[in-house]
Protein chains: 2
Amino acid sequence: MNKINILIADDHKLIRETWSYILNSDPRFQVIAECGDAQEAVELAKTKRPHVVLMDINMAPFSGLEATQRIRKISPGSKVIGVSMHSQPAYAKKMLQMGARGYVTKNSSKEEMIKAILEVNHGNKYICDEIKNIISEQLLDEKEDSPNINALTEREMQIINYIKEGLSSKEIAAGLSISLKTVEVHRHNILKKLKLKNSASLVNFINTNATYI
Amino acid sequence: MNKINILIADDHKLIRETWSYILNSDPRFQVIAECGDAQEAVELAKTKRPHVVLMDINMAPFSGLEATQRIRKISPGSKVIGVSMHSQPAYAKKMLQMGARGYVTKNSSKEEMIKAILEVNHGNKYICDEIKNIISEQLLDEKEDSPNINALTEREMQIINYIKEGLSSKEIAAGLSISLKTVEVHRHNILKKLKLKNSASLVNFINTNATYI
DNA sequence: GTTTAATTAGGTATAAACACTTATTGGCAA
DNA sequence: TTGCCAATAAGTGTTTATACCTAATTAAAC
């Protein structure tokens, strides 16, 4: 039986090395490449055609989410597993939307990671226990009136990023070549959707609630 | 020659396991305990008396900074190495202030980690190359007028926390039983000190710049 | 004991943000 | 095709924030 070929994309060198070490110690796996940025990950997926890609979400120059999406198109046979330190289900959800076949947090054990690799390689989907537990807990809470950042549109997120950087509505309007009035409407809608009072609390919400990625 | 006894404290199980695996594979090291929270780390340092402690900064219920401080008192023979994903020198500085003997980012290689352990066990201090490079770069830039959050006063930090929560100046004034005008002056001084344009960018700065820990 | 810095607070402006209404366009889906 | 929604943009207000100024009090530092 052939080994499962794995590509590791993670911007932390130590983490890449340790995973390579562990996975290569198992006769079922073969780490064929590793890299620290998303661009390289896409290129390596194209040339090396790995069976499984371990993809960290946080990477330069674009996120693991985008890299997953690209790999999905460029090498449909490669199964991507999202790996992140974030336990929020929203991350997992987004990652799966982008075409990932699995999601594992860095809280997971070695055994769970191996299980995830075997499952996705076999064509199944896999989500780690931690996320599954959190999701079920959230379902029990069931707070439908909670601010849901997923309701924000692309444009709104774009404008939030400008706001974070300290740009005024006038500057944002100039930057996006749209009317000042439009920017104001967007800002108003954002605050209304998230039930926030002003831009300061918005930035704090965005920075501390990772739910939006 | 005796092995160097190591305690690993990191809230990510996978990371603990991989380090244990790697370090135990080296005849010079012996991982004698590992844990995922700061409280346990302090207790384990007390009972196990490890030669070296690998301490992650981000942990519950209190931070690795505080745990380091406690271990320093409770088991002065144990050398603590701060391990973090943060490349800001401010983290390293704070960690060393708390009594750590070394600081290594998660971008560092396995070799660098081993070097750090050997150095601190030998009684020396060790800071990883990444941080050293950043510090030297910052010295070369030498911008004395650069935003320094350390210059913020207690009162100013207090007001920033209210701003983050979305309170208006009027509300902050009421909360602190001071004049609206005073709050406005504080806000103005904060923005001036940090060279920021508005509250949104202030909140983003505070959330993303860990310099104030 | 004099200086320095933090906190306090007033005045006087302009600029920006926020609230709410209406309305047009284009795309996508039931 | 009809209807919904995102994105666009205008009008018209009110409220807040920001930018300057001056200045008193107090505590710490030199």
Side-chain angles (χ1 to χ4, degrees), chain A residues 65 69 90 93-94 97-98 144-145 147-207 211-213, chain B residues 144-207 209 211-212:
Chain A
L65 292 164
Q69 207 169 24
K93 189 180 164 192
K94 199 75 188 174
Q97 277 176 2
M98 291 300 157
E144 63 182 80
D145 60 338
N148 180 11
I149 199 162
N150 289 318
L152 293 178
T153 66
E154 283 288 317
R155 197 56 151 177
E156 285 165 347
M157 279 306 307
Q158 195 178 5
I159 284 171
I160 288 173
N161 284 324
Y162 280 113
I163 293 172
K164 274 169 61 172
E165 299 305 317
L167 273 68
S168 69
S169 295
K170 199 196 287 180
E171 291 168 326
I172 296 171
L176 295 177
S177 299
I178 55 177
S179 157
L180 164 65
K181 217 59 212 175
T182 303
V183 176
E184 287 183 328
V185 170
H186 281 309
R187 293 182 75 143
H188 181 252
N189 290 337
I190 291 166
L191 294 181
K192 203 172 172 185
K193 278 184 184 178
L194 302 180
K195 293 180 183 168
L196 297 169
K197 287 194 284 184
N198 53 42
S199 294
S201 60
L202 167 64
V203 172
N204 193 47
F205 178 83
I206 292 294
N207 282 334
T211 320
Y212 67 98
I213 296 203
Chain B
E144 64 182 82
D145 59 340
S146 68
N148 180 10
I149 200 161
N150 290 317
L152 293 178
T153 67
E154 284 290 316
R155 198 56 151 177
E156 287 166 345
M157 279 306 304
Q158 196 178 5
I159 285 170
I160 288 173
N161 285 323
Y162 281 112
I163 294 173
K164 274 169 60 172
E165 299 306 318
L167 274 68
S168 68
S169 296
K170 198 195 287 180
E171 291 167 326
I172 296 171
L176 295 176
S177 298
I178 56 178
S179 157
L180 165 65
K181 213 61 214 178
T182 304
V183 177
E184 285 179 337
V185 171
H186 281 309
R187 293 182 74 143
H188 181 250
N189 290 337
I190 291 166
L191 294 182
K192 204 173 172 185
K193 279 183 183 179
L194 301 180
K195 294 184 178 163
L196 296 170
K197 286 194 284 184
N198 52 43
S199 295
S201 61
L202 166 65
V203 172
N204 194 48
F205 179 83
I206 293 294
N207 283 335
N209 263 285
T211 321
Y212 66 100

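Computation of the quantities below employed the complete heavy-atom set of this structure, encompassing side-chain atoms and omitting hydrogens, waters and symmetry-equivalent molecules.
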What is the distance, rounded to the nearest whole Å, between atom [atom1] of [X] and atom [atom2] of [N]?
X	N	atom1	atom2	answer
His186(B)	dA9(C)	NE2	C1'	10 Å
Glu156(A)	dT8(D)	CD	P	10 Å
Leu152(A)	dC5(D)	CG	C1'	15 Å
Ile190(B)	dA19(D)	CD1	P	12 Å
Lys193(B)	dT18(D)	NZ	C1'	17 Å
His188(A)	dA10(D)	NE2	P	18 Å
Arg187(B)	dC20(D)	CZ	P	16 Å
Asn189(A)	dT22(C)	CG	P	15 Å

Quiz item: Below 3.5 Å, does any donor atom in the side chain of Lys181(A) face an acceptor in the base of dT12(D), or the other way round?
Solution: yes
Quiz prompt | Between Asn198(B) and Ser201(B): side-chain donor-acceptor atoms closer than 3.5 Å | solution = yes
Find the distance between [atom1] ([X]) and [atom2] ([Y]) and round it off to the nearest 0.5 Å.
X	Y	atom1	atom2	result
Glu171(A)	Glu165(A)	CD	CD	11.5 Å
His186(A)	Ile172(A)	NE2	CD1	10.5 Å
Ser199(B)	Ile163(A)	OG	CD1	12.5 Å
Gln158(B)	Leu176(B)	CD	CG	5.0 Å

Practice problem: Give Ser179(A) one of three labels, base, sugar-phosphate or nothing, depending on what nucleic acid heavy atoms sit under 4.0 Å from its own. | Solution: sugar-phosphate
Quiz item: Looking for any heavy atom pair under 4.0 Å, which part of the strands does Leu191(B) touch: base, sugar-phosphate only, or nothing?
Solution: sugar-phosphate
Which listed nucleotide ([options]) is nearest to the side chain of [X]?
X	options	result
Val185(B)	dT7(C), dA9(C), dA17(D)	dA9(C)
Thr153(B)	dA17(D), dT7(C), dC18(C)	dT7(C)
Lys170(B)	dA10(D), dT8(C), dT16(D)	dT16(D)
Ser199(A)	dA17(C), dT16(D), dA10(D)	dA17(C)
Ile178(B)	dA7(D), dA9(C), dA9(D)	dA9(C)

Within the structure, does a side-chain N or O atom of [X] lie under 4.0 Å from either OP1 or OP2 of [N]?
X	N	value
Arg155(A)	dT8(D)	yes
Ser169(B)	dT16(D)	no
Thr182(A)	dA9(D)	yes

Quiz item: With nearest nucleotides of DNA chain C determined for Lys192(A) and Asn198(B) from heavy-atom distances, which residue corresponds to the more 5′ nucleotide?
Solution: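 Here Asn198(B) is the residue nearer the 5' end.
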Self-check item: Inter-axis angle, terminal five-pair segments of the helix from dG1(C)-dC30(D) to dA30(C)-dT1(D) [nearest 10°]
Solution: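 Result, rounded to 10 degrees: 60°.
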Practice problem: Test side chain to side chain contact (heavy atoms under 4.5 Å, CB included) on Leu152(B) and Leu194(B) and set out the steps. | Solution: CA-CA 9 Å; Leu152(B) 293 178; Leu194(B) 301 180; 4.1 Å; yes
Quiz item: Where the side chain of Asn204(B) meets the backbone of Ala200(B), is there a donor-acceptor pair that is under 3.5 Å apart?
Solution: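 Side chain of Asn204(B) to backbone of Ala200(B): no pair is present.
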Practice problem: Using a strict cut-off of less than 4.0 Å between a Lys/Arg side-chain nitrogen and an Asp/Glu carboxylate oxygen, indicate whether Lys181(B) and Glu184(B) qualify as a salt bridge. | Solution: yes
